[in-house]
S.K.: 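Starting off with a structure, shown below.
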Amino acid sequence: MPKSILSVNAGSSSVKITFYTFENPPRPIADAAISGITAPPPKLKYHQGDKKHNEVVKEDLSTPQAAFKYLLQRCFSDPELSDIASVDDVEYICHRVVHGGDYRDAVEINDETLGRLKGLEDLAPLHNFSALEIVRLCKVELPNVKSITFFDSAFHQTIPEAVRTYPINQEIAKANGLRKYGFHGISYSFITRSVAQFLNKPTEKTNLIIMHIGSGASMCVIKNGKSLDTSMGLTPLAGLPGATRSGSIDPSLVFHYTNEAGKLSPASTTEMHISTAEDILNKQSGWKALTGTTDFSQIAVENPPSKAHKLAFDIFVDRMLGYIGSYYVKLNGEVDGVVFSGGIGERSALLRRTLIDKCQCLGLAIDDAANDKGPGDEETVKDITKGSGKGPRVLVCQTDEQV
Ligand SMILES: Nc1ncnc2c1ncn2[C@@H]1O[C@H](COP(=O)(O)OP(=O)(O)O)[C@@H](O)[C@H]1O
Ligand SMILES: CC(=O)OP(=O)(O)O
Ligand SMILES: [Mg+2]
């Protein structure tokens, strides 16, 4: 039996894995995901052949490694999935790693590359640590399977110098790699290709404003098929707020928040050095700080349960509007489409409607029935534009970082 390819996507609140056939193009065989790692109980979504299954998991899966092990076992133990019964049936494991520093392409994991990635962990301790823990786990538990890491940051290598440079001492910036990197690039690359195909345009002539809004949320402006700017920066903290992240704030706020902010956080370990400020802004802010929940489906409701929920929703809409305006101007108004994706973008009709209603001056309008219905299971891109005029299309794209 030919071997399979396993693709692993460790997000901030979820771990998603997909097994593919080892052929070109690869074909998905089984799909499994644990969501709600930061908002227990964890939920399992399992998809194999015609079988689709959702369940609440009783085990404690509060770390990405625990979720990954659980998912692997779930797939290996499925009697109907005889093609992948053990690690012997896996040829390659492809890992999504958020921060790839200056890496422009995917790399195979060996002692040298793992060492270089370890060096990057300090730039993104909260995001790379979990993914690399899964890479390290695979090295031990699946020693004969080759691991390849794909980076969220690689897609944004095309961002021009004036956009990626922070106006600080350039010697220090260069020595320490302090610049805008941008993330969610694996997703933006998939969305750009899928939407260009949907619009029947060559990718290299397609201009888009894309929202990838999930637990971590960002936006990206695509000019001629390439990333021109994105809202995240040196780390995934910059830009839009998220489930537990503040997004961009005045950097001076850190010095006034608490006088302990610069010290190592109690969550810091010998491997993961994080300051109290990083811990607060990354893990104790955003929707969780405002409302107590990290689940945006409890916030994006017609009648919010509290003023704080309404405020969280309004803050999100306000920040996204700011980027839409900026990106529209950066594209000189030559926009083919405004695209919603990620857990919130794909599922919240209310958020899409609220945001697009505020963009009427840009000629954007939504068809309520199409928006309420959202994309079908097998529909990668759905057009929710009102009318068939010449203006930018409003689209929903069900992103697929694993493929
Ligand atoms: N119907 C919905 N309305 C609004 N938000 C939703 C809905 N369904 C899921 N979400 C939110 O989507 C987010 C998860 O998105 P996802 O892109 O899978 O996250 P990540 O990859 O960052 O872990 C969660 O905050 C979840 O609450
Ligand atoms: C880059 C990032 O924030 O990823 P995620 O949304 O999966 O947490
Ligand atoms: Mg994600």
Side-chain angles (χ1 to χ4, degrees), residues 7-17 31 33-40 42-43 45 54 61 64 67 95-100 123-124 126-131 150-156 180-188 190-191 210-220 230-247 281-283 286-288 290-291 293-302 304 309 312-313 316-317 340-355 371-375 396-402:
S7 185
V8 187
N9 171 9
S12 48
S13 72
S14 62
V15 177
K16 302 165 188 166
I17 70 170
D31 219 7
I34 291 285
S35 61
I37 292 176
T38 54
K43 288 164 216 83
K45 234 185 178 175
N54 291 306
L61 301 179
H95 302 264
R96 168 181 176 231
V97 174
V98 164
H99 212 309
L123 268 188
L126 289 156
H127 301 89
N128 273 28
F129 187 71
S130 298
F150 291 76
F151 303 108
D152 258 21
S153 47
F155 181 72
H156 299 295
K180 176 181 281 208
Y181 290 89
F183 306 97
H184 289 142
I186 296 171
S187 173
Y188 289 130
F190 174 87
I191 294 167
I210 311 179
M211 286 156 264
H212 175 112
I213 46 178
S215 276
S218 76
M219 291 181 58
C220 184
T230 189
S231 59
M232 286 178 170
L234 171 70
T235 76
L237 179 60
L240 297 172
T244 60
R245 288 174 229 173
S246 64
L281 296 178
N282 278 282
K283 295 201 153 177
W287 319 137
K288 186 177 168 188
L290 291 171
T291 67
T293 181
T294 55
D295 182 356
F296 204 76
S297 67
Q298 294 181 29
I299 295 168
V301 287
E302 294 285 356
H309 287 70
F313 186 83
F316 203 30
V317 170
F340 289 89
S341 73
I344 302 171
E346 292 165 31
R347 291 189 205 106
S348 180
L350 179 67
L351 182 94
R352 296 191 295 254
R353 172 161 45 81
T354 310
L355 192 69
N371 181 46
D372 288 346
K373 194 157 169 249
V396 183
C397 179
Q398 303 201 74
T399 193
D400 189 342
E401 290 165 305
Q402 285 94 283

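Remember, it's 1-based here, ligands and their atoms both numbered in the order they're listed. In this chain, residues are counted from 1 in sequence order. Values below: every heavy atom of this structure, side chains too, minus hydrogens, waters and symmetry copies.
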S.K.: Please report the C-alpha distance between Tyr181 and Leu234 in whole Å, then the side-chain angles of each, then the deciding distance to 0.1 Å, and finally whether the side-chain contact (heavy atoms from CB on, under 4.5 Å) criterion is met.
M.R.: CA-CA 5 Å; Tyr181 290 89; Leu234 171 70; 3.7 Å; yes

S.K.: Under 3.5 Å, is there a donor-acceptor pair between the side chain of Ser231 and the main chain of Gly239?
M.R.: no

S.K.: Look at atom 15 (O) of ligand 1 and find which of Gly343, Ala349, Pro236 reaches it with the closest heavy atom.
M.R.: Gly343

S.K.: If we only count N/O pairs under 3.5 Å, is His212 in contact with ligand 1?
M.R.: no

S.K.: If you count the atoms of ligand 1 from 1 in the order shown, which ones are under 4.0 Å from a heavy atom of Ser14?
M.R.: 20 (P), 21 (O), 23 (O)

S.K.: Any idea which of Gly214, Ser297, Gly286 brings a heavy atom closest to atom 7 (C) of ligand 1?
M.R.: Ser297

S.K.: List below, pair by pair, the N or O atoms of ligand 2 and of the protein that are less than 3.5 Å apart, including the distance to 0.1 Å; reply 'none' if no pair qualifies.
M.R.:
residue  : atom  : partner : partner atom : Å
ligand 2 : 3 (O) : Arg245  : NH1          : 2.8
ligand 2 : 3 (O) : Arg245  : NH2          : 3.1
ligand 2 : 4 (O) : Arg96   : NH2          : 3.0
ligand 2 : 4 (O) : His184  : NE2          : 3.2
ligand 2 : 6 (O) : His184  : NE2          : 2.8
ligand 2 : 6 (O) : Gly216  : N            : 3.4
ligand 2 : 6 (O) : Gly216  : O            : 3.4
ligand 2 : 7 (O) : Arg96   : NH1          : 3.1
ligand 2 : 7 (O) : Arg96   : NH2          : 3.4
ligand 2 : 8 (O) : Ser12   : N            : 3.1
ligand 2 : 8 (O) : Ser12   : OG           : 2.5
ligand 2 : 8 (O) : Arg245  : NH2          : 3.1

S.K.: Can you report which non-hydrogen protein atom sits closest to atom 18 (O) of ligand 1, along with the distance?
M.R.: Lys16 NZ, 3.0 Å

S.K.: Atoms of ligand 1 less than 4.0 Å from Gly216 heavy atoms?
M.R.: 22 (O)

S.K.: When you measure from the side chain of Ser153 to the backbone N and O of Gly100, does any donor-acceptor pair fall under 3.5 Å?
M.R.: yes

S.K.: Heavy-atom distances under 4.0 Å decide this one: backbone, side chain, both or neither, for Thr294 against ligand 1?
M.R.: backbone

S.K.: Using only atom types and a distance under 3.5 Å, with no angle test, would you say the side chain of Thr291 pairs donor to acceptor with the backbone of Trp287?
M.R.: yes

S.K.: Which protein non-hydrogen atom lies closest to atom 1 (N) of ligand 1, naming both residue and atom, and how far is it?
M.R.: Arg347 CB, 3.5 Å

S.K.: Below 4.0 angstrom from a heavy atom of Ser348, which ligand 1 atoms are there? Numbered from 1 as shown, please.
M.R.: 3 (N), 4 (C)

S.K.: Counting N and O atoms only, with roles assigned by atom type, does the side chain of Lys45 sit under 3.5 Å from a partner on the main chain of Lys16, one being a donor and the other an acceptor?
M.R.: no

S.K.: Kindly say whether Glu346 contributes a backbone atom to a donor-acceptor pair with the side chain of Arg352 at under 3.5 angstrom?
M.R.: yes

S.K.: So is there a nitrogen or oxygen of Phe296 less than 3.5 Å from a nitrogen or oxygen in ligand 1?
M.R.: yes

S.K.: Angle class for the Tyr188/His212 ring planes (parallel below 30°, perpendicular above 60°, tilted otherwise)?
M.R.: perpendicular

S.K.: Side chains of Asp295 and Thr293 only: does a donor on one sit below 3.5 Å from an acceptor on the other?
M.R.: no

S.K.: Taking the side chain from Thr244 and the backbone from Gly286, do they hold a donor-acceptor pair closer than 3.5 Å?
M.R.: no

S.K.: Side chain or backbone of Gln298 under 4.0 Å from ligand 1, or both, or neither, by non-hydrogen atoms?
M.R.: neither

S.K.: Does either side chain, that of Asn371 or that of Arg353, offer a donor lying less than 3.5 Å from an acceptor on the other one?
M.R.: no

S.K.: Select the closest option to atom 11 (C) of ligand 1 among Ile344, Leu351, Thr244, judged by heavy-atom distance.
M.R.: Ile344

S.K.: Without swapping roles, check the side chain of Ser341 against the backbone of Met211 for a donor-acceptor pair under 3.5 Å.
M.R.: yes

S.K.: Find out whether Phe340 and Ser348 are in side-chain contact, i.e. whether some heavy atom of one side chain is under 4.5 Å from a heavy atom of the other.
M.R.: no

S.K.: Would you please name every residue forming a salt bridge (charged side-chain N to carboxylate O under 4.0 Å, His left out) with Glu401, sequence neighbours left out?
M.R.: Arg96

S.K.: Does the N or O separation between Ser215 and ligand 1 drop below 3.5 Å for any pair?
M.R.: yes

S.K.: Checking a contact table here: which protein heavy atom is nearest atom 26 (C) of ligand 1, and how many Å away?
M.R.: Asp295 OD1, 3.7 Å

